[in-house]
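Counting starts at 1 for both ligands and their atoms, in listed order. Since this is a predicted model, take the numbers as computed values, not measurements.
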Amino acid sequence: MTRGLGRVFSGFKRLVTLSVMWSMKHPMYSVPLRSPSVRSMAVLPLPFGKPKDLSLPNATWGPEMMQLYEHYNSLCKVEVEAEGGQKKVPWKRIPGYNRLLKYATGGVYLSKMIQSKARLFTRNIREPGAAFEYALFINSEEEKCVGIWQVGHLLEGPPGHVHGGAIATIIDTVTGCLASLSGAVMTANLNINYRSPIQLGNTVVVESIVDKREGRKKFISCKVTSPDGTKLHTEATALFLSIDINQLLLGR
Ligand SMILES: CCCCCCCCCCCCCCCC(=O)SCCNC(=O)CCNC(=O)[C@H](O)C(C)(C)COP(=O)(O)OP(=O)(O)OC[C@H]1O[C@@H](n2cnc3c(N)ncnc32)[C@H](O)[C@@H]1OP(=O)(O)O
């Protein structure tokens, strides 16, 4: 089984790697608000169809979530001067699917082959608004990732408030997205200080930056605040280690 999977995977590996690298540089993520024409590189024709981008607004998004989305989405259209007089758009919205492998060309097929029932933890509840509603924005120039999150009623920990494990998930996702800018990583360490509880249904902003790199290690810090930044909910530091995705998938 492992050998068979290895053969399937190695056939796609190069394609996936190249397309992930290409996708991080491609301006496709600058999707205008409510644009019906979301171009997705994960879109291959038959037989699996087009994956749905779950990072776009839906009817459950409240005014604060929409305001933040519009703010960061508008940053995704701002060009800045880069080296050699060229223009760059540093902010990109990361499209969200229910599996990570759908991210890249070939991933649609791969994700059907490898544990077809697997779902990304943050996208496994189909009811809109019930759990994690979010969009991630990344600035590769400043090495910064911002997540806007609306936390639904299925994430209760203390009465009426968000579970600490759900907050850890949010932090792991935002810092993990930033850490994976240059390739596959795993979380080695997550250190969280919970400063003030988050009410269910509320929207929060999660900002993360790279503090330091040492070989395979990336040290990232993160804070979770209210939308206007006045209330600090959570602070965290994370250590990510770059990994060989082959080893992860093939269990070597
Ligand atoms: C591609 C683009 C896609 C973009 C699209 C993104 C969209 C959406 C993003 C969603 C993002 C979700 C992000 C979820 C991310 C998870 O949730 S990952 C799941 C949770 N994590 C795990 O299960 C990891 C389990 N642990 C492991 O697999 C292994 O321990 C690790 C972390 C891979 C490290 O193992 P290793 O590679 O063998 O490394 P090892 O030799 O042990 O250590 C190397 C160095 O790191 C140090 N180290 C290792 N562990 C630790 C530790 N815990 N503390 C301190 N130091 C440590 C060692 O001391 C050593 O240091 P030096 O001696 O070199 O100075």
Side-chain angles (χ1 to χ4, degrees), residues 9 12-26 28-29 31 38 40-42 51-56 72 76 91-108 110-111 114-115 118-124 131-140 143-149 164-192 206-208 210-222 224 236-252:
F9 180 68
F12 283 104
K13 188 186 133 210
R14 190 172 149 71
L15 180 61
V16 172
T17 308
L18 286 174
S19 56
V20 168
M21 283 163 64
W22 180 87
S23 67
M24 296 309 290
K25 291 183 177 131
H26 197 271
M28 60 171 271
Y29 304 112
V31 181
V38 179
S40 168
M41 48 186 330
K52 186 176 176 192
D53 183 353
L54 300 165
S55 286
L56 293 170
Y72 284 103
C76 295
W91 283 98
K92 310 235 181 299
R93 184 181 67 84
I94 305 291
Y97 304 113
N98 60 14
R99 300 198 67 181
L100 264 183
L101 285 172
K102 283 190 180 176
Y103 200 71
T105 305
V108 175
L110 263 179
S111 62
I114 302 169
Q115 295 189 7
R119 290 289 172 269
L120 196 60
F121 185 41
T122 49
R123 297 290 188 193
N124 68 5
F132 300 101
E133 288 293 337
Y134 66 100
L136 303 175
F137 297 87
I138 202 139
N139 185 320
S140 48
E143 291 202 295
K144 185 175 185 176
C145 183
V146 174
I148 58 171
W149 295 72
I167 299 170
T169 299
I170 290 172
I171 291 169
D172 197 22
T173 303
V174 177
T175 53
C177 178
L178 179 58
S180 32
L181 246 187
S182 49
V185 293
M186 292 278 274
T187 320
N189 178 270
L190 200 52
N191 197 324
I192 300 178
V206 185
E207 290 179 296
S208 66
V210 178
D211 290 330
K212 194 171 61 160
R213 287 161 199 282
E214 272 171 20
R216 291 172 54 214
K217 297 180 207 170
K218 271 188 194 169
F219 297 85
I220 291 181
S221 59
C222 180
V224 182
T237 54
L239 168 63
F240 289 87
L241 278 163
S242 57
I243 54 148
D244 178 350
I245 191 85
N246 263 322
Q247 286 184 3
L248 184 69
L249 290 174
L250 301 177
R252 281 196 212 124

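- Of the options L181, I171, T187, the smallest heavy-atom separation from atom 16 (C) of ligand 1 is shown by T187.
- N191 places no side-chain N or O within 3.5 Å of a backbone atom of A236 that could act as its donor or acceptor partner.
- Considering backbone and side-chain atoms together, T173 places no N or O closer than 3.5 Å to any N or O of ligand 1.
- Using a distance-only test at 3.5 Å, with no hydrogens or angles considered, no donor-acceptor pair links the side chain of R119 to the main chain of N98.
- Every atom of ligand 1 with a heavy atom of K217 under 4.0 Å away is listed here by number and element: 45 (C), 46 (O), 47 (C), 61 (O), 62 (P), 65 (O).
- Residue contacts with ligand 1, taken as heavy atom pairs separated by less than 4.0 Å, involve I243 solely via side-chain atoms from C-beta onward.
- Only side-chain heavy atoms of L239 come within less than 4.0 Å of ligand 1; its backbone N, CA, C and O stay farther off.
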>> Between L54 and Y97, is the side-chain contact (heavy atoms from CB on, under 4.5 Å) condition met? List the steps.
In response: CA-CA 6 Å; L54 300 165; Y97 304 113; 5.6 Å; no

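- Judged by the shortest distance from any of its heavy atoms, A184 lies outside the 4.0 Å radius around the atoms of ligand 1.
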>> The test is side-chain contact (heavy atoms from CB on, under 4.5 Å); show your working for K217 and L241 and say whether it passes.
In response: CA-CA 5 Å; K217 297 180 207 170; L241 278 163; 3.4 Å; yes

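- Screening T169, V174, V224 against W149 for a side-chain contact (heavy atoms from CB on, under 4.5 Å) leaves a single residue, V174.
- At distances below 3.5 Å, at least one donor-acceptor pair connects side-chain atoms of K218 with backbone N or O atoms of A179.
- Polar contact with ligand 1: present for R216 (N/O pair, distance under 3.5 Å).
- For E214, the heavy-atom gap to ligand 1 stays at 4.0 angstrom or more.
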